[in-house]
Amino acid sequence: MREALREAAVVINNSFVRSWKAGGKQIVGYTCSYVPDEIFHAAGILPYRIRGFGAEETTIGDTYFGPFICSLPKCMLQLIGQGDFDFLDGAVITPGCDSMRRLDDCWRKAGEDYPGIVPGFFFHFGVPHKCTDYTVKWFAEEIRRLIDAVEHYFSLRITEEGLKASIRVYNRGRALLEELEELRIMSEPPFSGTDELAVILAGSAVPRDEYNEMLQEFIEESRSRAGIDGKRRLMLVGSANDDVELIRLIEGDKALVVADNLCFGSRFHLDLVSEEGDPVIALAKRYLSKNECPRMYGQYRARLDILKENIQRAGVEGVILQNIRFCDLHGAENGLFERDLEATGIPCMRIEREYGPLVETGRMKMRIDAFLERIEQRKETA
Amino acid sequence: MRQATREYSFDWMLWATFHAASKLKKGTEKEYRSVLNYIPYFRGIVENVLKLGEPGELFVKMCERYLDNLVHVHERGRKNAITTFCFSPTIFYAMDITPVCMEVMTAFMTLTYKRGTAEFLDYCNEVGFTETSCSSQRGSLGAYLAGVGTDIDMIITDTPGVCDTNANAFSFAAAYLNKPFFQLDMPPVLTGERSNEYHRADYRALISFLEEQTGKKLDIDRLREVLAEYEKQDELINELEDLYRLVPNPLPVPFSLFLYASRFLFAGMKECTELLESMLRSGRENAERGISGLSGGSEKLRAFFCYIDHYTQNLHLWEMLDSLGICYAGNILSRYWAPDAPYVKEFQMQEAAYTIDTATVDTMIDSLALINSRMPMVKSIRGPYDAPNMWLEDTLSLAKMYRVDFIVYNGTPGCRNTWGMLKPFARDTEKAGFPTYIMYADAFDDRVQSWEATRERFEEFLSVRGLLG
């Protein structure tokens, strides 16, 4: 089971995707956690979170994106241009951030030079930057616009009952991920942060019903496993990371990542969707009220409170605040987190990195080791 | 930051500079010439502006007035709001709030001080704000974060959905300084009832926020007065836009800067109107005589800047264009999408324009919401660049209308929203027949690329493309 989850986490066109396509079914890719998977699930389409994992160069990405742009969408475009995402029947781009929203423009323009890379269904999905009554109303309309477009393009019908059933399936997955989270924060967790990320990543690339079963098995199996002890307990915060190797690098043989506030991480499964009332309104409320991402401006204090709560809950000894270069949303907020968390006695390390192959392994490892030494010394002098 | 920099209030220092500049022409020419020797780092801008006569003097006076309002805001019993260039200040004036436009403050110092805002730019990084963020906000933000500016009462932006680095600067400032924050959010599509309704609802929430912060209700009569003045300014700008279309263009190169600066500083206020009227008088005189606004008198090329200008010391950009005989058809900042604007009428873009209706308080608020949603950058950088009413369509239609010979992009490396698609954008403008030059400089920080290198590369482009002899 662990192997199946790991494969789904580190292989773009994984065996689940291949099997899904072999069954003649469709897959729609999306770029941001503000896109409700439930819509596609209800349509019998596999929602697939597009990633940049595995890109070994950015020659294609650099042709369309400018030089001052985050390397994550560049790596995504690289893979898209190379044909790694040819299995997608559709794509949904959101204004998660400026770099990511421009994937819309660059992908379509790259399609003029690389025929066949733009899927037939291509949708720009707006997401407001705050949660109020009128933004929820607008977002619900946007969800309906997406539903209409999916129904029209794929010639199918998404019923209210179907949507409610999908919400239940995803809520079950979220509840299971919460159980996983409970195991992760134990004093001797039965799996590493590397394993945990692999399990979460798999959830973005595996049919949800199958994933829920695998997740349940993983949790049950984990309950009987011996815990890991004697490691420094870290929290990872900041820009998106879909690379398990980054967590492996951080953990090494001295640390465990026991908590995070990452897009491909615990943020992905927080909060259930209400199963009562109009499902579209319920989806709009749940997805828009997620203020864990700094794209939701003016919510810093709320995010700081979440971090503090999780730090306490997971017994975190140090926080790594990382951002991909040119990711100003996370980079700037990391500066605030560092100021406010250090003031409460929580050691923090800020680091800027590039997305993609771990070309900076030596530099990062050295800084992480120094940070772990700092935590160690702090413990000794406490 | 040097201790010496901390010794002076940032905005007081700027006010004192412009206050002195506004008096320079009050003496004799001999006295003026003598004073220039004592301001070696400021004389470049002073000379370039004041040589334009009355419009130049009014421009300096307008800047001085804006800074005067800011420096004395609290002793005059008012509140201030940090805001952004693409947020129309009309509502602030209608509610007796003093706006502090972050980018304009940065530009003031960049234009007038030898090292520009370098120390404030770096100070932002020292306290945790990213060095990759846009210099247009960082330049003055650093001063307020360091506590060397006027105390700020509230922070307001309208760029979520348009520009992350802009919105993030304001969001960061609010968290760092622990100040009340409000954002106007922009949906990706400009037109249609759904977007209009969203803009209106959001704007009403803004007014509630402002009423809460000031403890005062919106004064309807005052609002009507300000909007009437705004409409009057629209008419003046429309006529100036028509003058831009003439060959030769009778307007001096810096007039574009004057035009958008006046709207950023005093939209809906007499200070802006007075300057626009003076510019128009000067432009009409040149037009009647059939002469170019260029100081050399001969128009060799016509240029359109599809984004912003380059603000480093002494109006270098404007001086360069003028000396090369390049008539300047303005940039994205000087277009507001008034219903009778020449570019609206020429291309039947009425749906993209706002309307002003002063009949009731509701129609006035709706008008303000639409005005704001059509502000530079907010209007056309929100959706995919090649979507209707967005950047490519605007750029090509303006370039055609002003019969320009080439298009120039200049911004800052912090501009994620344009650098994210600038290459395909430029490919499209080239395909449409406009040689397009992408400047890799930073509009507000010439440590990124010196002005000398910027100019050399600009001239190299003109030469390589065979545009200038």
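Lettering follows sequence order; numbering is per chain, from 1.
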Among residues 198-209 of chain B, those lying within the under-4.5 Å heavy-atom range of chain A are B/Tyr198, B/Ala201, B/Asp202, B/Ala205
Interchain contact, [X] with chain B, by part (heavy-atom threshold 4.5 Å):
X	value
A/Tyr300	side chain
A/Arg303	neither
A/Pro128	both
A/Glu338	neither
A/Thr135	both
A/Lys137	side chain
A/Arg325	side chain

Nearest-0.5 Å distance that lies between atom [atom1] in [X] and atom [atom2] in [Y]:
X	Y	atom1	atom2	value
A/Cys131	B/Asp185	SG	CG	11.5 Å
B/Thr132	A/Ile324	OG1	CD1	12.0 Å
B/Phe181	A/Gln299	CZ	CD	9.0 Å
A/Tyr297	B/Asn166	OH	CG	8.5 Å

Look at the side chain of [X] and the backbone N and O of [Y], then say whether any donor-acceptor pair between them is shorter than 3.5 Å.
X	Y	result
A/Asp328	B/Thr165	no
A/Asp104	B/Pro384	no
A/Arg102	B/Thr418	no
A/Arg101	B/Val162	yes
B/Ser171	A/Gly298	yes
A/Lys130	B/Phe182	no

Under a 4.5 Å cutoff for heavy-atom pairs, which residue among B/Cys163, B/Gly128, B/Cys124, B/Ala387 has the most contacts with chain A? B/Gly128
Greatest number of heavy atom pairs closer than 4.5 Å to chain A - which of B/Ser195, B/Ala174, B/Gly161: B/Gly161
What part of [X] gets closer than 4.5 Å to chain A, counting heavy atoms only: side chain, backbone, both or neither?
X	result
B/Phe425	neither
B/Arg427	side chain
B/Ile155	neither
B/Tyr440	side chain

Evaluate side chain to side chain contact (heavy atoms under 4.5 Å, CB included) for A/Lys109 paired with B/Lys423, printing each intermediate quantity in order. CA-CA 10 Å; A/Lys109 290 293 162 182; B/Lys423 289 180 179 177; over 6 Å; no
Side-chain heavy-atom pair B/Met421, A/Tyr64 within 4.5 angstrom cut-off: no
Stepwise side chain to side chain contact (heavy atoms under 4.5 Å, CB included) check, A/Phe65 with B/Arg416: CA-CA 10 Å; A/Phe65 283 108; B/Arg416 228 61 71 218; over 6 Å; no
In terms of heavy-atom pairs under 4.5 Å with chain B, which of A/Pro67, A/Pro95, A/Gly126 leads? A/Pro67
Among A/Glu142, A/Met100, A/His129, which residue forms the greatest number of heavy-atom pairs with chain B at distances under 4.5 Å? A/His129
Given side chain to side chain contact (heavy atoms under 4.5 Å, CB included), test B/Tyr176 with A/Arg339 step by step and report yes or no. CA-CA 9 Å; B/Tyr176 190 88; A/Arg339 177 191 72 166; 3.4 Å; yes
